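Note that the structure is a prediction, hence the values are computed from the model and not measured. All heavy atoms count here, side chains included; hydrogens, waters and symmetry mates do not.
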Amino acid sequence: MEAAFMDSGTTVDKGENARLSSFIGAIAIADLVKTTLGPKGMDKILQRISENDQSISVTNDGATILKSINLDNAAAKVLVDIAKVQDDEVGDGTTSVAVLCGELLREAEDLINQRIHPQTIAEGWRLARKVARAALEASAIDNSADEAEFREDLTRIASTTLSSKLVTYEKEYFAKLAVDAVMRLRGSNNLDHIQVLKKPGGHLRDSYLEEGFLLDKKIGVGQPKRIENAKILLANTSMDTDKIKIYGSRVRVDSLNKVAEIEEAEKERMRQKCEKIIAHGCNVFINRQLIYNLPESIFTERGIMAIEHADFDGIERLAAVTGGEVASTFDRPDLVTMGECDVIEEVMIGEDKVIRLGGCKSGEACSIVLRGASSHVLDEAERSLHDALCILTATVKDPRIICGGGCTEILMAQAIDREVESTPGKKALAMASFARALRQLPSIVADNGGYDSAELVTQLRAAHAAGNTTFGLDMYNGTIGDMRELGVAESFKSKLCVLLSASEAAEMILRVDDIIKCAPRARDGY
């Protein structure tokens, strides 16, 4: 009926068709990343198919996979969005949030086939979510008062996060790297102070933490290669000669001498600019843009180290770690804050020279140098390390930790099952479906490891019923075990975000009964 009042190109899917389309799209996306879940999860190859870019990347990071896919299904886009938010918020759990949302919708599909109204299902889910959150909070442990114990907790969380990544066989080493880097931040949690530098060659084990800041640039010709007690002027200014830059302008001269005079005038202007920079009293000049031959020679004569083309991210990060400000004009030296560090020197990493800034004013600064066999390995190692750094900074803000290995999912599911027994009405069926969806997560993790998921999950349920509430899946032996003894821990904040984001997104998709696709308005005359 609505079609009579709508423009051509507008389509409406109604009722059952709309709901089915939403469910199928979201469940398909969840099934796509399901096999990457857990320490024995598989990787995906992402291949670009544009004419100019045929590059590939190998990853099992849920957010990276989902961001790379172009989608037409509206509900599937919701899953991609919640994975992105999870990645931005805590860094880890991106696959879990998509899979849990997909499992909830799979359960909802069965309930709707039993003629249970979506609003009744949503009400039951909200009650279940409340019970699950209370159970999760009750199981959380906070050791932030004891620094040594808290550091051990952070190491366990980093190891658990890295277990499902490419660096799993060096996870203890990388977990220590990540914890050392985050503990240097001293609570500021500004990841800009941690730089990750990728250098092909060597093994993953050759990666190390450099106390200081590494800049992958070159020092000017003939300039000092080491400066102590550096006063750094950070700039974003043009250092080519001031030519006439008016489009369409022309200069007419009647002799070559006048051309030489114009060139000399341009050089004189550049000399004046360089003198203004030198007048700031700096012994290191770092510019975001290029530094051409004339100004470079002037800085060399004065014994000033000049570093060019420190890209925008680099110059902003340098300003943060050295305590300086980025200047564009140099008429008022008294208003410019210069950066400071104890030493700037050129060092070798593998076969490449980089510039090391040691003893920065912001003592939190450090660089993690990643070594690896190929660019694909390095890219995945960087993604893995980024996840670990993000989850650690989130844990420093909210220091509560919980047991991993599917322990908390079974714990929350059993708390919901107990509540179902005293809940009247059809919403109890929705609560039971929420518990089943939670139990699917450890089941999927076990399946991905090649184990008998039904056997392991029933053993786990029995262990929790017997009061062993810290038991979870031991994925290296194919059994169940005490997660505290095995050192498998997760961040409370990450698990809470997974629970809330997945259930809210599933509820939003569940409440859809129409999908309206609108064609863009045509422009006349084009």
Run the side chain to side chain contact (heavy atoms under 4.5 Å, CB included) test on S494 and E89 for me, step by step, so that the C-alpha distance in whole Å, both residues' side-chain angles and the decisive distance to 0.1 Å come before the verdict. CA-CA 8 Å; S494 170; E89 190 73 16; over 6 Å; no
So Q195 and V321, do their side chains get closer than 4.5 Å, heavy atoms only? no
Inter- and intrachain pairs under side chain to side chain donor-acceptor pair (under 3.5 Å), touching residues 497-510, at least two apart: R126-E507, R129-S503
Exercise: identify the closest heavy-atom pair between L162 and L385: CD2-N, 4.5 Å
Over 12 foreign heavy atoms within 6.0 Å of NZ, K231: no
Side chain to side chain contact (heavy atoms under 4.5 Å, CB included) between T94 and I65, worked out: CA-CA 10 Å; T94 51; I65 295 165; over 6 Å; no
Look at D31 together with K34 and state whether they make a salt bridge at an N to O cut-off of under 4.0 Å. yes
What is the minimum heavy-atom distance between L392 and L154, and which atoms define it? CD2-O, 3.3 Å
Has the side chain of E107 got a donor or acceptor atom that lies under 3.5 Å from a matching backbone atom of F434? no
Can any side-chain N or O of Y173 pair as donor or acceptor with the backbone N or O of S207 at less than 3.5 Å? yes
Nearest heavy-atom neighbours spanning S68 and L46: OG-CD1, 3.4 Å
One should read off an interatomic distance between L197 CG and R371 CZ, to the nearest 0.5 angstrom, of 10.0 Å
Would you say the side chains of D387 and T161 form a donor-acceptor pair under 3.5 Å? no
Reported CG-to-SG distance for the pair L460 and C407, which is rounded to 0.5 angstrom: 7.0 Å
Is a donor on one side and an acceptor on the other found under 3.5 Å between the side chain of E340 and the backbone of T322? no
What's the spacing between K493 NZ and K397 NZ if we round to 0.5 Å? 5.0 Å
When you compare the side chain of D87 with that of K67, does any pair of heavy atoms fall below 4.5 Å? yes
Above 12 or not: heavy atoms from other molecules or residues under 6.0 Å from CZ of R484? no
Is the shortest side-chain N to carboxylate O distance from E380 to R383 below 4.0 Å? yes
Counting N and O atoms only, with roles assigned by atom type, does the side chain of N113 sit under 3.5 Å from a partner on the main chain of E109, one being a donor and the other an acceptor? yes
Look at E137 together with R133 and state whether they make a salt bridge at an N to O cut-off of under 4.0 Å. yes
Between C101 and A506, which heavy-atom pair has the shortest distance, and what is it? SG-N, 3.7 Å
For A505 against I82, the heavy-atom pair lying closest together: CB-CG2, 3.7 Å
Are any side-chain N or O atoms of D43 and backbone N or O atoms of V58, one a donor and one an acceptor, separated by less than 3.5 Å? no
Say whether, by atom type as modelled, one donor and one acceptor occur between the side chain of Q459 and the main chain of T479 under 3.5 angstrom. no
Step by step, would you call T408 with S139 a side chain to side chain contact (heavy atoms under 4.5 Å, CB included)? CA-CA 8 Å; T408 46; S139 69; 4.2 Å; yes
Tell me whether K199 is salt-bridged to D206, with the criterion being a basic N under 4.0 Å from an acidic carboxylate O. no
What's the spacing between E382 CD and S375 OG if we round to 0.5 Å? 11.5 Å
Kindly indicate whether the side chain of I232, heavy atoms from C-beta on, has any atom under 4.5 Å from the side chain of M338. no
Counting N and O atoms only, with roles assigned by atom type, does the side chain of T160 sit under 3.5 Å from a partner on the main chain of A489, one being a donor and the other an acceptor? yes
Rounded distance (nearest 0.5 Å) linking atom CE of M412 with atom CD1 of I410: 9.5 Å
Any non-hydrogen side-chain atom of I355 less than 4.5 Å from a side-chain atom of I344? yes
Can any side-chain N or O of K40 pair as donor or acceptor with the backbone N or O of G450 at less than 3.5 Å? no
With a 4.5 Å heavy-atom cut-off, do L233 and V336 have their side chains touching? yes
Quick one, I349 and E210 - any side-chain contact, counting heavy atoms below 4.5 Å? no
Does the side chain of I509 come within less than 4.5 Å of L79's, by heavy atoms? yes
Examine the side chains of K171 and S159 and answer whether a donor and an acceptor come within less than 3.5 Å of each other. no
Do the side chain of H203 and the main chain of R205 share a donor and acceptor less than 3.5 angstrom apart? no
Are L370 and F174 packed together at the side-chain level, in the sense that at least one heavy-atom pair is separated by less than 4.5 angstrom? yes
Ion pair check, E409 and K495, cut-off under 4.0 Å: yes
Report, as yes or no, whether the 6.0 Å neighbourhood of atom CD1 on I45 holds more than 12 heavy atoms from other residues, nucleotides or ligands. no
Let's go through K84 and D88 carefully: what are the C-alpha distance in whole Å and the side-chain angles of both, what is the deciding distance for salt bridge (Lys or Arg N to Asp or Glu O under 4.0 Å) to 0.1 Å, and is it a yes or a no? CA-CA 6 Å; K84 283 180 184 173; D88 295 340; over 6 Å; no
Looking at every non-hydrogen atom in both residues, tell me the closest pair between V80 and L66 and how far apart they are. CG1-O, 3.8 Å
Side chain to side chain contact (heavy atoms under 4.5 Å, CB included) between V97 and V85, intermediate numbers included: CA-CA 10 Å; V97 73; V85 170; over 6 Å; no
Look only at the side chain of T155 and the backbone of R151, and say whether a donor-acceptor pair between them is shorter than 3.5 Å. yes
Salt bridge or not between E149 and R156? Use side-chain N to carboxylate O under 4.0 Å. yes
For K77, I'd like to know if atom NZ has over 12 heavy atoms of other residues, nucleotides or ligands within 6.0 Å. yes
Is any side-chain N of the basic residue among K44 and D61 closer than 4.0 Å to the acidic one's carboxylate O? no
Counting only heavy atoms not in Y476, do more than 12 fall under 6.0 Å of its OH? yes
Say you draw a straight line from CG of L111 to CG of L105; how long is it, rounded to the nearest 0.5 Å? 11.5 Å
Under-4.0 Å salt bridge between D417 and R439: yes
